[in-house]
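Reminder, nothing fancy here: chain letters follow the sequence lines and each chain counts from 1.
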2 protein chains.
Amino acid sequence: MVERDPSATPSGPRSAGRSGGPAAAVGPEVDAGPPPVAAEAPDVGVHRRPRRSDASRAAILAAARDRFAADGYERATIRAIARDAGIDPSMVMRYYGNKEGLFAAAAEIDLRVPDLTALPPEERGARLVRHFIELWEGDETLTGMLRVGATNDAGAECIRRVFAEQARPMIDAACPVPAEAAARAALIESQILGMALCRYVLRVPPAVDLSHDELVAWLAPTIQRYLTAERP
Amino acid sequence: MVERDPSATPSGPRSAGRSGGPAAAVGPEVDAGPPPVAAEAPDVGVHRRPRRSDASRAAILAAARDRFAADGYERATIRAIARDAGIDPSMVMRYYGNKEGLFAAAAEIDLRVPDLTALPPEERGARLVRHFIELWEGDETLTGMLRVGATNDAGAECIRRVFAEQARPMIDAACPVPAEAAARAALIESQILGMALCRYVLRVPPAVDLSHDELVAWLAPTIQRYLTAERP
DNA sequence: GTCTATAATTCGATAGAC
DNA sequence: GTCTATCGAATTATAGAC
């Protein structure tokens, strides 16, 4: 079958690593902290005394992102994540409490939605489409979150939150009628996620074969209409 | 957490049953047959001697569809499916060989795509959108297949095949330029599946709140454009 | 902080009686 | 055809030594 062979990667990090690219923009280490352990740093504000385990935590998070992305929530085991990170599985439990805590820490995503108000209205659709295409192809974590969100409720909540917090404000700013912004944002999200689903998760052949330019040419008018067209 | 409580349904069928509605239209019992058992009916063509176990097989398939739909591939256990069907788990193995065989048998879907050529071109987008909305809300199996397809490759193949075999011909017949039909079908599929993902799987609030009429009003022009508009 | 050992479940799958 | 009993493997999670 096409299932993952556990013996294929007996040790060491995964081949298709993130290479520290978009991962570096994820944000300032927003892990949940060691849950059942003594709180050694109550003032988690600007300054924080670096823990000796920061390297281990980062390695775990990177491996978790890869595994969750590749295998989904259920098949991504703590053992495999720990093995990829070169760390004992019990450390993962100690740092993140349980599997859900680990996922929550690994699921921090930055969509880096561009500022649409700086563009002339007729270019906003194309700008948004091109941004999401490049975002999706540059970071397999997004595909993973989509995979997890379809099966696990914590993953779905993650996607809902990411789009509500990061995409909505920009869409609100670009929408003509504020009362319609919610519906317009949902429509845009449906087309963006739908194409991502077909291309990167389901791998529907004709969707995979579309070039970036073709995608922009087809999808930009759709997004543009959802964004600014008069309500039908 | 929101995970399923195994003790919530100690026995008996699931509360949200299919009530034999769309399931009856799935097709003429296309199960894989008992794989490791003696082939008692080699001529599985038009006529077939009804097996004594047909009722059990149907019960298993119905329960499997519900479980796969609700829990996804990994969490849907053969034990739980058998319990819902009121049948011993070993029977599932005997009938369908293994878990993948069971899924393949349960994943037979009929999209019942309407004949678009009978409609004036300007009404085809709305017709298609309304059909898929009603289809999706009338049969939770489709949501389940989407859930499974996101995590499991067999599920993804199922979705690819269903759309390729059932939706493509109708779209081909309605598309102006045959060479562009593949891309147009992929675009339509991305918008249909994307909205289904947001509404029924991820349950993004603004997408869930959209009424049928609003959905048709917003999505129909998109589908219409993917279907017949000149290539951008 | 790190690791070993293991508890406690649960799973898919098999063997065999009736 | 149906069911009981169970195997072997895998999982999350915990306890505790160093």
Trainee: Taking CE from M91(A) and C1' from dT4(C), how many angstroms apart are they, rounded to a whole number?
Mentor: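 The answer, rounded to whole Å, is 11 Å.
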Trainee: Tell me: CZ of R75(A) to C1' of dA9(D), nearest whole Å?
Mentor: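 It works out to 17 Å between those atoms.
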Trainee: Just how far, in rounded Å, is P of dA13(D) from CD1 of I81(A)?
Mentor: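 So the two atoms are 12 Å apart, to the nearest Å.
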Trainee: Report the nucleotide, chosen from dA15(C), dA13(D), dC3(C), that has the shortest atom-to-atom distance to any side-chain atom of D88(A).
Mentor: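 Of all the options, the side chain of D88(A) is nearest to dC3(C).
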Trainee: Under the salt bridge (Lys or Arg N to Asp or Glu O under 4.0 Å) rule, collect the residues that match up with E134(B), sequence neighbours excluded.
Mentor: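 Once residues adjacent in sequence are excluded, E134(B) has no partner under the salt bridge (Lys or Arg N to Asp or Glu O under 4.0 Å) criterion.
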Trainee: With sequence neighbours excluded, tell me which residues meet side chain to side chain donor-acceptor pair (under 3.5 Å) with H212(A).
Mentor: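 Checked H212(A) against side chain to side chain donor-acceptor pair (under 3.5 Å); matches are E137(A).
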Trainee: Which nucleotide, dC3(D), dT2(C), dT6(D), lies nearest any side-chain atom of S90(B)?
Mentor: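 Minimum distance to the S90(B) side chain belongs to dC3(D).
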Trainee: Can you tell me the distance, in whole Å, between the CD atom of E100(B) and the P atom of dG12(C)?
Mentor: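 About 12 Å, once rounded to whole Å.
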Trainee: Considering all heavy atoms of both residues, which atom of R112(B) and which atom of Q166(B) are nearest to each other, and what is their separation?
Mentor: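 Smallest heavy-atom distance, with atoms named: N-OE1, 4.1 Å.
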Trainee: In whole angstroms, how far is the P atom of dA10(D) from the NZ atom of K99(B)?
Mentor: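 Result: 16 Å.
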Trainee: Taking CD from E74(B) and P from dA10(D), how many angstroms apart are they, rounded to a whole number?
Mentor: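 Computing the E74(B):CD to dA10(D):P distance gives 15 Å.
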Trainee: OP1, OP2 of dT2(C) versus side-chain N and O of Y95(A): anything below 4.0 Å?
Mentor: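 Yes, such a contact exists.
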Trainee: Could you tell me which non-hydrogen atom of R65(B) sits nearest to which non-hydrogen atom of A105(B), and how far apart they are?
Mentor: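 Heavy atoms of R65(B) and A105(B) come nearest at NH1-O, 4.4 Å.
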Trainee: Roughly how many Å is it from CZ in R94(A) to C1' in dG16(D), rounded to a whole number?
Mentor: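 Going from R94(A) (CZ) to dG16(D) (C1'), I get 12 Å.
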Trainee: Roughly, in whole Å, what's the span from CE in M93(B) to P in dT4(D)?
Mentor: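 Going from M93(B) (CE) to dT4(D) (P), I get 17 Å.
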